[in-house]
Amino acid sequence: MDEIVTQALAKWPNVPHCYGWLALDARGNWRMRNEHAQTHKLPGDRITHPALTGFINRNYTHDAQGRWYFQNGPQRVYVALEVAPYIAHTEPAAGFVLQTGEHMSTITAGWLSEQGRLFLQGDGKFALLDDRDMAQCLNDLSLNERPVTDEQLLLWLEQRGSSGELSLRSGSQRIVLDYILETAIDKQFNFMRAPQASI
């Protein structure tokens with residue numbers, strides 16, 4: 001966390017928290033959601049200013065209830081998550097990189113959902129792979145340690161992972177993938193997609 005944020009927290013410890021105004025979309029974009037966007041359930045405007053996105057990335061964390069937030073000085077700005085708290089991208093030299101710029105150096109588990117989306121866990125973080133990078137990862141998938149065909153992958157999804165051992169090769173790692181329902185991920189990985197104030 002930035003030093004200026006730590007100092008602001010000490011100076012103004014009781015600033016009210018903010019809900020609904022900041023979102024993270026399924027491609028790792030931070031979005032500002034004004035009242036119109038919130039009322040009409042719109043994604044909001046993408047934040048593109050490098051200094052602001054860098055500030056959000058450095059001060060992004062969560063509380064014990066699984067509510068993710070950006071610590072903006074003394075105020076917590078809780079984040080509405082379209083899918084997951086982190087979004088991973090592929091980089092040829094670095095492997096998987098999160099929207100915060102952090103590398104997922106060690107991946108310990110992976111899942112493919114009923115929608116064909118890839119989720120990864122590693123370094124204490126749970127991430128969705130950006131859909132634009134999925135085509136590249138398809139070449140690294142194997143079923144029972146052989147290259148998987150489109151038909152085999154569809155069958156694996158239809159049979160909820162029971163048609164064989166699906167794995168992903170990432171550098172020197174081989175990650176066995178499990179099947180997961182997307183409606184179950186927030187409970188399984190303890191995060192809130194739409195944080196609300198504590199009662």
| task | Would you sort out whether Leu177 and Ser167 count as a side-chain contact (heavy atoms from CB on, under 4.5 Å), showing the intermediate values? | result | CA-CA 5 Å; Leu177 302 179; Ser167 61; 5.8 Å; no
What is the minimum heavy-atom distance between [X] and [Y], and which atoms define it?
X	Y	answer
Ser163	Trp156	OG-CA, 3.2 Å
Tyr19	Pro195	CD2-O, 3.4 Å
Arg169	Gly171	CD-O, 3.4 Å
Ala37	Gly44	CB-CA, 4.1 Å
Tyr69	Gln71	CE1-OE1, 3.2 Å

| task | Test the Arg160-Tyr179 pair against the cation-pi criterion, namely NZ or CZ under 6.0 angstrom from the six-membered ring centroid and within 45° of the ring axis. | result | no
| message | Can a side-chain donor-acceptor contact be found between Arg76 and Tyr78 if the only test is distance below 3.5 angstrom? | response | yes
| task | Give a yes-or-no answer on whether the side chains of Thr100 and Glu102 include a donor-acceptor pair shorter than 3.5 Å. | result | yes
In this structure, would [X] and [Y] fall into the same cluster of hydrophobic residues linked by side-chain contacts under 4.5 Å?
X	Y	answer
Leu52	Trp30	yes
Leu154	Met134	no
Ile185	Val176	no
Leu153	Ile175	yes
Phe189	Leu112	yes

| query | For Asn59 and Asn72, what are the C-alpha separation, side-chain angles and deciding distance, and is it a side-chain contact (heavy atoms from CB on, under 4.5 Å)? | reply | CA-CA 8 Å; Asn59 297 285; Asn72 182 26; over 6 Å; no
| query | So does Arg132 have more than 12 non-hydrogen atoms from other groups sitting under 6.0 Å from CZ? | reply | yes
| query | Is atom CD of Gln115 surrounded by more than 12 heavy atoms (other residues, nucleotides or ligands) closer than 6.0 Å? | reply | yes
| request: Take the angle between the ring planes of His62 and Trp68 and call it parallel below 30°, perpendicular above 60°, tilted in between. | output: tilted
| request: Would you please classify the geometry between the His40 ring and the His36 ring as parallel, tilted or perpendicular, with 30° and 60° separating the classes? | output: tilted
| Measuring from Leu155:CG to Gln159:CD, what's the distance to the nearest 0.5 Å? | 4.0 Å
| query | Which value, rounded to the nearest 0.5 Å, describes the distance between Met104 atom CE and Leu120 atom CG? | reply | 5.5 Å
| said: Can you list everything that forms a side-chain hydrogen bond (donor to acceptor under 3.5 Å, both in side chains) with Asp140? Sequence neighbours excluded, please. | reply: none
| Sequence-distant partners of Arg33, side-chain hydrogen bond (donor to acceptor under 3.5 Å, both in side chains), two or more places apart | none
Check: [Y] main-chain N/O paired with [X] side-chain donor or acceptor under 3.5 Å:
X	Y	result
Arg67	Gln196	yes
His103	Ser105	no
Gln173	Ile107	yes
Asp63	Gly66	yes

Could you pull out every donor-acceptor pair under 3.5 Å between side chains of residues 81-90 and any protein atom, sequence neighbours left out?
| unit_1 | atom_1 | unit_2 | atom_2 | d |
| --- | --- | --- | --- | --- |
| Glu82 | OE1 | Ala26 | N | 2.9 |
| His89 | ND1 | Asp130 | OD2 | 3.2 |
| Thr90 | OG1 | Asp133 | OD2 | 3.3 |
| Thr90 | OG1 | Gln136 | OE1 | 3.2 |

| message | Could you work out, with ring-ring contact (aromatic ring centres under 6.0 Å, His included) as the rule, every residue matching Phe191, not counting sequence neighbours? | response | none
| Glu165/Arg174 ion pair, N-O < 4.0 Å | yes
| task | Sort and list the pairs that fulfil salt bridge (charged side-chain N to carboxylate O under 4.0 Å, His left out) and have at least one residue in residues 43-54, not counting sequence neighbours. | result | none
| remark: Applied to residues 83-99, the salt bridge (charged side-chain N to carboxylate O under 4.0 Å, His left out) test, sequence neighbours excluded, yields none
| field | Side chains of Ile180 and Ser113 in contact at under 4.5 Å (non-hydrogen atoms) | value | yes
| said: Ring centroids only, cut at 6.0 angstrom: are Phe70 and Phe55 within range, meaning strictly under it? | reply: yes
| field | Step-by-step side-chain contact (heavy atoms from CB on, under 4.5 Å) determination, Leu24 to Gln99 | value | CA-CA 10 Å; Leu24 178 67; Gln99 88 275 1; 3.6 Å; yes
| said: Please determine whether side-chain contact (heavy atoms from CB on, under 4.5 Å) holds for the pair Ser142 and Val148, giving the CA-CA distance in whole Å, both sets of side-chain angles, and the decisive distance to 0.1 Å. | reply: CA-CA 5 Å; Ser142 298; Val148 66; 5.9 Å; no
